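Here's the structure we're looking at; comments come further down.
To find a chain, count down the sequence lines: A is the first, B the second, and so on, and within it residues start at 1. Heavy-atom basis, side chains included; hydrogens, waters and symmetry copies ignored. Just so you know, these numbers come straight off a predicted model, no measurement behind them.
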Amino acid sequence: MSDETILKPSFFDRHIHDVARDLLGRHLVRSVDGQITGGRIVEVEVYEGQNDRASHARSGAPTKRTAPMFAQPGTIYVYTIYGMYQCLNLRAPTPVGPGAILIRACQPLMARAVMARRRGLVDDADDYAPKMDRKLMSGPGKLCQALSIDTDLSGTMIGEQLALEGGEPIWRQTPERIEATPRRGLNRKTCGDCVDRLWRYVVCDSRWLS
DNA sequence: CGTGTGATGTCT
DNA sequence: GACATCACACGG
């Protein structure tokens with residue numbers, strides 16, 4: 001039985017900035033051994049290719065790590081940052097070819113106690129308390145920890161172990177709440193004028209941002 | 001509340 | 001050496 005609300009890879013087969021905005025409000029759902037966790041996407045960033053000095057694909061050629069940024073739309077790209085955290089990206093096409101959308105923050109929705117335990121906020125899921133919610137998915141590294149997303153997912157296709165399933169996109173509810181801002185964590189010395197591009201999209205009044 | 005620092009895989 | 005990060009320590 002296929003669920004019509006699960007987005008297919010073809011969802012990603014259009015201009016990357018349209019995809020990025022369309023992701024806001026949708027539900028990111030992770031399934032591990034029957035355990036479902038997930039949340040509502042509230043913050044994303046676009047990374048392109050040769051035209052974007054902040055992008056892992058800036059050289060224009062794939063490496064073993066970055067190959068998913070050059071692959072079929074809907075491919076998952078997970079990389080390790082600072083040696084200890086993972087970041088989740090979803091492949092979408094750009095005018096220069098390679099590109100991906102970094103998922104930066106979600107509103108926790110499903111199995112929050114399980115996510116709190118994965119985040120190391122509690123030893124036992126029974127000790128979960130709602131006040132922990134803001135610490136579960138308010139950043140790209142935190143979100144991957146909460147969802148048990150590791151680099152072994154990189155290169156696989158969206159849809160089974162990790163899916164976009166349900167949730168109402170913000171553009172269909174209150175499009176004025178979509179705000180474009182500069183991307184976070186970049187510096188002008190290495191990225192140049194790229195730091196000024198408004199390629200971070202957020203649900204502007206969300207309390208779940210990074 | 002803010003600022004500073006240490007942890008450390010992958011690519012240049 | 002830089003980095004698309006995070007948690008913790010410390011000072012106000």
Would you confirm whether A:Asn51, through its side chain, and A:Gly49, through its main-chain N or O, come within 3.5 Å as a donor-acceptor pair? yes
With a cut-off of 6.0 Å (strictly less than), are more than 12 heavy atoms of other residues, nucleotides or ligands near CD of A:Glu176? yes
Mark yes when over 12 heavy atoms from residues, nucleotides or ligands other than A:Asp123 sit less than 6.0 Å from its CG; otherwise mark no. no
Could you state the atom-to-atom distance from [atom1] of [X] to [atom2] of [N] in whole Å?
{"X": "A:Asp52", "N": "C:dA4", "atom1": "CG", "atom2": "C1'", "result": "10 Å"}
{"X": "A:Tyr47", "N": "C:dA4", "atom1": "OH", "atom2": "P", "result": "7 Å"}
{"X": "A:Gln86", "N": "C:dT5", "atom1": "CD", "atom2": "C1'", "result": "11 Å"}
{"X": "A:Arg58", "N": "C:dA4", "atom1": "CZ", "atom2": "P", "result": "7 Å"}
{"X": "A:Arg53", "N": "C:dC3", "atom1": "CZ", "atom2": "P", "result": "10 Å"}
{"X": "A:Tyr85", "N": "C:dC3", "atom1": "OH", "atom2": "P", "result": "18 Å"}
{"X": "A:Ile16", "N": "C:dA4", "atom1": "CD1", "atom2": "C1'", "result": "13 Å"}
{"X": "A:Leu198", "N": "C:dA4", "atom1": "CG", "atom2": "C1'", "result": "17 Å"}

Where the side chain of A:Thr63 is concerned, which of B:dA7, C:dC3, B:dT12 is the nearest nucleotide? B:dT12
B:dG9 pyrimidine/purine six-ring stacking with A:Tyr82, under 5.5 Å and 30°: no
Taking atom types as modelled, is there a side-chain donor on A:Thr156 or A:Gln161 under 3.5 Å from an acceptor on the other? no
Flag for A:Asn187-A:Thr190: side-chain donor and acceptor within less than 3.5 Å: yes
Within residues 125-148 of chain A, those residues having any heavy atom closer than 4.0 Å to DNA chain C are A:Gly139, A:Pro140, A:Gly141, A:Lys142
Under 4.0 Å: is that the gap between some side-chain N or O of [X] and OP1 or OP2 of [N]?
{"X": "A:Arg119", "N": "C:dA7", "answer": "yes"}
{"X": "A:Thr190", "N": "C:dC3", "answer": "yes"}
{"X": "A:Arg104", "N": "C:dT5", "answer": "yes"}

Please work out if A:Asn187 contacts a base, only the sugar-phosphate, or nothing of the nucleic acid, heavy-atom cut-off 4.0 Å. sugar-phosphate
So what does A:Arg183 hit on the nucleic acid, given a heavy-atom distance under 4.0 Å: a base, only sugar-phosphate, or nothing? nothing
Inter-nucleotide P distance (B:dT5, C:dG12), Å rounded: 15 Å
Run the salt-bridge test on A:Arg53 and A:Asp193 with the 4.0 Å N-O cut-off and return the result as yes or no. no
Can you list the stems that DNA chain B is part of, where a stem is at least 3 pairs in a row, each Watson-Crick or G-U, with both distances below 3.5 Å? B:1-7 with C:5-11, B:9-11 with C:1-3
Residue met sooner reading DNA chain C from 5', once A:Leu121 and A:Leu186 are mapped to nucleotides: A:Leu186
